[in-house]
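Below is one structure, written out as structure tokens, with a few remarks after it.
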There are 2 protein chains.
Amino acid sequence: MEPENSHPRRPTIKDVADRAGVTKATVSKYLNRAHGYAMASSTKERIRAAIQELNFQPSPLARGLSRSTTSTIGLVVADIRSQFYPDLVASIQSAAEAAGYTLVLGSSGDDPDRELDIIRSMAHRQVDGVVLVAVRSESDHIEYLRRRGIQIVLASRDLPELVADTVVVDSFAGARTAVRHLRELGHRRLAHVTGEASVKPFADRRRGFEVETADLTGDGPGLPVEVTTSTLEGGRAATHRLLDVSDPPTGVFFASDTMALGGLMACADLGLRVPDDVSFVGFDNVAVGELPGIGLTTIDSDAVRVGEQATELLLKRMLAATGTEAEPVLVTRPAELVVRTSAAPPR
Amino acid sequence: MEPENSHPRRPTIKDVADRAGVTKATVSKYLNRAHGYAMASSTKERIRAAIQELNFQPSPLARGLSRSTTSTIGLVVADIRSQFYPDLVASIQSAAEAAGYTLVLGSSGDDPDRELDIIRSMAHRQVDGVVLVAVRSESDHIEYLRRRGIQIVLASRDLPELVADTVVVDSFAGARTAVRHLRELGHRRLAHVTGEASVKPFADRRRGFEVETADLTGDGPGLPVEVTTSTLEGGRAATHRLLDVSDPPTGVFFASDTMALGGLMACADLGLRVPDDVSFVGFDNVAVGELPGIGLTTIDSDAVRVGEQATELLLKRMLAATGTEAEPVLVTRPAELVVRTSAAPPR
DNA sequence: CTGTTAGCGCTTTCAC
DNA sequence: GTGAAAGCGCTAACAG
């Protein structure tokens, strides 16, 4: 009849203190005041031994409560399901873990309101920092975090204004490279499939496309540009609209690989072959693009490095969090062309 | 010269109490004792109003400290980068979120020791439950959690013994279906590529392969079975070994789509065409298998439902956590064949 | 150098 | 029905 027959209580700082013949305070100092410092080495040694013998680890919860710091960072992505995130998430996760932080994951499903909810909930759980792959283009959620003293860094997607540290790839230059590649292959009838206009990298890629095709003209006033949701299905539908006409474009630049993969499906639907009938260039360099049977020519978004660098910046902010807020930093990484087989000279 | 110029303090339960003219204790009761119950409705109303006006939310940290419960669940996967996880992670994440839990993510990179570390760290952070896609085949980590009263459920990979609630797909039956499909197409020279022998689903799939091919014979004593790491590169290498011989098999059953994709790369390397030269059947039904140019015939692992059901089971355990431990439950979901284009009759 | 004393924000007996 | 008080495990002045 002993309800205390439950799980053995974990040792607390008090147990360590008793065993070492000192006070909690002293143990706490040992734990926090970065070892060196002023403390009798005999005491240090006794504490060390006690900790070791008891296999003591301070409770993150209790520590968090009194320090208002949790060794936790939040990662908010638009949609984990997307082809693009695995590398990004993996690199952030391991960088965070390496620094002793635990990752809390949220996926907004591309819904700006949910994104805000997730951010609120993370703030509420007192994460020390947030890596955000932003869906909403306003910066209210950023302000929300900043007001609460939570550091933030934007990864992969920048916002119209530089309101926080940001690590992205050079979308404008990358897009130009992509388009030039198509032009060098001899394509003149070009088209572009892009995602949500509010997402800055998409806007930049579109601008890149337009700049590099300013001298060309399509049926109407300019070359065709299809705006769609940045999903596989979006890309598929847009490509249908683009290609299922008389005299379709011979080269298409997609603002993301995911949409380009949708484009491949559309071609299968329409009985068109890539690159024989139409050439594709994507953007991101997702892993599947490399598979034979896909061979997607694309621009590398360098997700791994973006994730690593974003995490680095965040950790730096979190340490420096004291005192004057430094100006936001924008890191723009080069976006390189990866040539595979989906783009070839037109017939 | 005011260092207090920092971030505005969040309201605490004390603030609410003062504003409502009651004590913290009463507010706490209001918060926890599932509303109904014994409390003057005027008091209830005043508390409600105060909470509302102050926009108060109880601190999860403080609550966690005093209740030893954190509304947090840990998800440990073998390798987020793998093609297979996005659906699983996404479905677990949304099921958890829907139930008011926050997801803490860990990726072991297929390393059993890291897996244990991650689990220790999560236990230490006092997650209320863990969804585990296990790497190690022993059950020491499960015992570790159980000893600390942390609920656990295994998703996607079962262990040799039923030591915890488990949700998997029927690997043995699925494998038999896959092999029968190849046989019905007319293949007799069959081979199998499988992953780490210690992973039970792989063992089961292998058994399925063997049972369904017991009447067939290869060059040696039985049909060729290649064991490799369950990665793209593993599948690629194994396929090289398998096909780069005189008189190679005409049909290959892969224990995972990821390995099958590696197999496709190997074919590209060797100048073989699928399904003209060799037929492939995979296992899992990852999203990319659906792309034209891939068209992988496979067995559906139903990651979304597995994730959902695993989360359901876990939540149930977490609620029932009191009293007698119910026996572990094993949920085996059907594994259905998805016919695409990678398997066809042999020439 | 180490100990004393208050908290951090919430929950939970036990009285009234 | 509500309040007083102690405590969850740790940190952080301030003394001495």
Measure from the side-chain heavy atoms of [X] and tell me the nearest of [options].
{"X": "B:Arg67", "options": "C:dT11, D:dG9, D:dA12", "value": "C:dT11"}
{"X": "A:Lys29", "options": "C:dC8, D:dG1, C:dT2", "value": "C:dT2"}
{"X": "B:Thr12", "options": "C:dG7, C:dG3, C:dG9", "value": "C:dG9"}
{"X": "A:Ala25", "options": "C:dC10, C:dT4, D:dC10", "value": "C:dT4"}
{"X": "B:Lys24", "options": "D:dC14, C:dC8, C:dC10", "value": "C:dC10"}

Phosphate OP1/OP2 of [N]: any [X] side-chain N/O under 4.0 Å:
{"X": "B:Ser68", "N": "D:dC8", "result": "no"}
{"X": "A:Thr23", "N": "C:dT2", "result": "no"}
{"X": "A:Thr26", "N": "C:dG3", "result": "yes"}

Determine whether any donor atom in the side chain of B:Lys44 lies under 3.5 Å from an acceptor atom in the base of D:dG1, or the reverse, and answer yes or no.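 Result: no qualifying N/O pair found.
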
I need the [atom1]-[atom2] distance between [X] and [N], as an integer number of Å.
{"X": "B:Leu65", "N": "D:dG7", "atom1": "CG", "atom2": "P", "result": "14 Å"}
{"X": "A:Leu61", "N": "D:dT11", "atom1": "CG", "atom2": "C1'", "result": "15 Å"}
{"X": "B:Arg63", "N": "C:dC8", "atom1": "CZ", "atom2": "P", "result": "18 Å"}
{"X": "A:Tyr30", "N": "D:dC10", "atom1": "OH", "atom2": "C1'", "result": "17 Å"}

Using a 4.0 Å heavy-atom cut-off across all strands, classify B:Ser28 as base, sugar-phosphate, or nothing.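 The residue B:Ser28 makes base contact.
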
